[in-house]
Amino acid sequence: MATINHRVPCTRTHQIAALALIVATFFFTRLFDQTLNQCSSQYPTYFSVANAPDDVVSWGYGPRLNLKIYVYGEDEIDGLKMLMYGREGKISAEACVKGQWGTQVKIHRLLLQSMFRTRRKEEADLFFVPSYVKCVRMMGGLNDKEINQTYVKVLSQMPYFRLSGGRNHIFVFPSGAGAHLFKSWATYMNRSIILTPEGDRTDKRPTSAFNTWKDIIIPGNVDDGRAQGKTGRLQLIELSKQYPDKLESPVLKFSGPDKLGRTDYFQHLRYAKFCLPHVGSHHGLFGFTSHSSWSVSLTLCSHECVPVILSDQVELPFQNVVDYTPISIKWPSNQIGPQLLDYLESIPDKNIEEMISKGRKIRCRGVLHSRIGAVLCFSGILWELQKKMRQFHQSVETFWLHNDL
C-alpha cells in the first residue's frame, strides 16, 4: 500500500518561532516555580508521602491526609469579633499571638493558609471557630459573663453546628481552664472537638472539660511561661532547700534586683540530666519543665535532658503515634521526696544518654514557636483531626425517612 507524505519546508521563520516557544516555556516555568515557592514558604505543606520529609512521614499516622476544614470568618457571625478582639475591638491578634496562649492565634493562622481549608460549608468535613478568648479575658476585653453570653449568641447562629450537635466543630482553649472559660460548655459544646494543651486540669472544678475520645491534646505555646502554685511544684521547691547541692529553683524575673532573664534562666538547664516541673540546676543533675504538655514539648525541643513527669493524670500530645516511655520518666506525684532524687541518681549515664538520643528523634514536633516546629505540630494536629472525622452526624434537628411522604 502506497503512502503519500506532504512535507512542509522548514523556513527560518519556523526556526525562530520554535526557539521563541522554548524560551517562553522555560521563562514561565521558572516564574511559576518561584511564585509557588514564595506562596508556600510561610507555612509549607508537607502532608503527603510524595513530598513529605522523613520527620513528617515517620509520625506513623498514615500515607495521606484527606480532609476539608471550613474556617468561620470574623465578620460572618455576629459576636465572633468580640471573642477575638474584646468588646471594644482593641485587642489585636499580634498581642495575643505572644505568650503561652498564642496557640489560639497560631492554629487559626495556619488553617487560613492550609491547603485543607475549604470555603464551601457544604463540602466541609470539619468547621473551625476562631476565638482568642483566653487572651481577651486576661487583657480585660471580656469578663466571664460576657464570654458566656457571647459564645451562646455565636453558636445559635451556626446551622451546621446545630445539625451535627456540634460534633464537627473545632474550638481551641489554650490554658489549664480548658473549655471552662465558657461557663456553659457542658450544655452547648460537650460534643465538639476541643484542642487544649492540658487534659489533666479542672481548675478545682469537679468535672473535666477534656474527653479523650473526642478532644485533642496540643502542645502549648512556649514563647513565655509562668510559675504555678501547684502542690508538686511547692514540694520540689522545699526539696531544693533540703538538697541545694542537687536542686535549685530559679524563677523567671525580668526586672528588679533578682532579675533572671531567659538567657540566664536556660543557662541553668544547659548541663541538666533530668528536667522536673519548674526546677532547674546547674549542678548537672536536675532541670526545668512544667506539669503539662508544655513541659515535655519544650524540654524535648530546647534542652538535652530527660523529662520527669510528676502529674499522674497528664495527657501528652500525639499519643497515638509517640511512645513517651523510652524518652521520659513518669514518677508518682505522691512520692515527691528524697526517694525521687535517689532513683534519678541511680540511673547510669549510659541509660540517660540513650533516652536523650531517642528524644532527639522527635524533638520540636510538639512546639509552635519555630517554623519547622509549627509545620510538624500542625501536621500532627491535622492527622488527629482526621481521626476524629465521622461519616455520619445526627442531632435533635436531623431526621431521615425512607418513603415519599
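The side-chain heavy atoms of I77 and V129, taken from C-beta on, include no pair separated by under 4.5 Å. In this structure, the side chains of I194 and F210 stay at 4.5 Å or more apart for every pair of heavy atoms. Side-chain contact between I193 and L126 is present, with heavy atoms from C-beta onward closer than 4.5 Å. Contact annotation: the side chain of M84 never approaches that of V136 to less than 4.5 Å [non-hydrogen atoms, C-beta and beyond]. Looking only at side-chain heavy atoms (C-beta outward), I347 and I329 come within less than 4.5 Å of each other. Side-chain contact between P317 and V322: absent, with no pair of heavy atoms (C-beta onward) separated by less than 4.5 Å.
Of the possible donor and acceptor atoms, one in the side chain of K330 sits under 3.5 Å from a partner among the backbone N and O of D312. In this structure a side-chain-to-backbone donor-acceptor pair under 3.5 Å is missing from Q113 to R109. Remark: the backbone N or O of N168 is not paired with any side-chain donor or acceptor of R191 at under 3.5 angstrom. For K388 (side chain) and W213 (main-chain N/O), a donor-acceptor pair under 3.5 Å exists by modelled atom type. Side-chain atoms of R167 come within 3.5 Å of backbone atoms of S164 as a donor-acceptor pair (strictly under, hydrogens ignored). Using a distance-only test at 3.5 Å, with no hydrogens or angles considered, a donor-acceptor pair links the side chain of R162 to the main chain of S156. Looking only at distances, no side-chain donor or acceptor of Q149 sits under 3.5 Å from a matching main-chain atom of E146. For D215 (side chain) and N211 (main-chain N/O), a donor-acceptor pair under 3.5 Å exists by modelled atom type.
Residue A93 comes nearest to Y132 through the heavy atom pair CB-CE1, 3.9 Å, listed as atom of the first residue, atom of the second, then distance. Between A179 and A209 the shortest heavy-atom distance is CB-CB, 3.8 Å. Of all heavy-atom pairs spanning P326 and M355, the tightest one is O-CG, 3.2 Å. Nearest heavy atom pair, residue S328 against residue V306, reads CA-CG1, 3.9 Å. The two residues I91 and C135 come nearest to each other via the heavy atoms CG2-SG, 4.3 Å. When all heavy atoms of I336 and W331 are compared, the closest pair comes out as N-NE1, 4.1 Å.
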Worked check of side-chain contact (heavy atoms from CB on, under 4.5 Å) between L344 and K273: CA-CA 9 Å; L344 295 178; K273 294 180 181 179; over 6 Å; no
Please walk me through it: do S192 and F161 pass side-chain contact (heavy atoms from CB on, under 4.5 Å)? CA-CA 9 Å; S192 299; F161 181 89; 3.4 Å; yes
Determine, stepwise, if the pair L382 / L111 fulfils side-chain contact (heavy atoms from CB on, under 4.5 Å). CA-CA 10 Å; L382 290 175; L111 281 170; 4.3 Å; yes
Dump the intermediate steps for side-chain contact (heavy atoms from CB on, under 4.5 Å) on R137 and L142, then the final yes or no. CA-CA 5 Å; R137 179 179 180 272; L142 290 175; 5.7 Å; no
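Under the 4.0 Å criterion applied to side-chain N and carboxylate O atoms, E354 and K358 are assigned as salt-bridge partners.
The ring pair (Phe, Tyr, Trp, His ring centres under 6.0 Å) with Y151 is formed by just one residue from the set W185, Y188, F182; it is F182.
Using the six-membered ring where Trp is involved, F127 and H169 have ring planes that are parallel, under 30° apart on the 30 and 60° scheme. Taking the six-membered ring where the residue is Trp, F171 and F173 present parallel rings, their angle staying beneath 30° rather than reaching 60°. A parallel orientation is assigned to the rings of F128 and H108, their planes being inclined by less than 30° (bins at 30° and 60°).
Rounded to the nearest 0.5 Å, atoms CG (L83) and CD (E74) are 12.0 Å apart. The line from OG of S114 to CG of L112 is 9.5 Å long, rounded to the nearest 0.5 Å. Rounding to the nearest 0.5 angstrom, the gap separating the OG1 atom in T103 from the CG atom in L195 is 8.5 Å. Rounding to the nearest 0.5 angstrom, the gap separating the CG atom in L65 from the CH2 atom in W383 is 4.0 Å. Within the model, atoms OG1 of T212 and CD1 of I217 stand 8.0 Å from one another, a figure rounded to the nearest 0.5 Å. Rounding to the nearest 0.5 Å places CG of L385 at 4.0 Å from CD1 of I216.
The number of heavy-atom neighbours closer than 6.0 Å to CG of N66, taken from other residues, nucleotides and ligands shown, is 12 or below. For K90, the NZ atom sits in a loose shell: 12 or fewer heavy atoms of surrounding residues, nucleotides or ligands are nearer than 6.0 Å.
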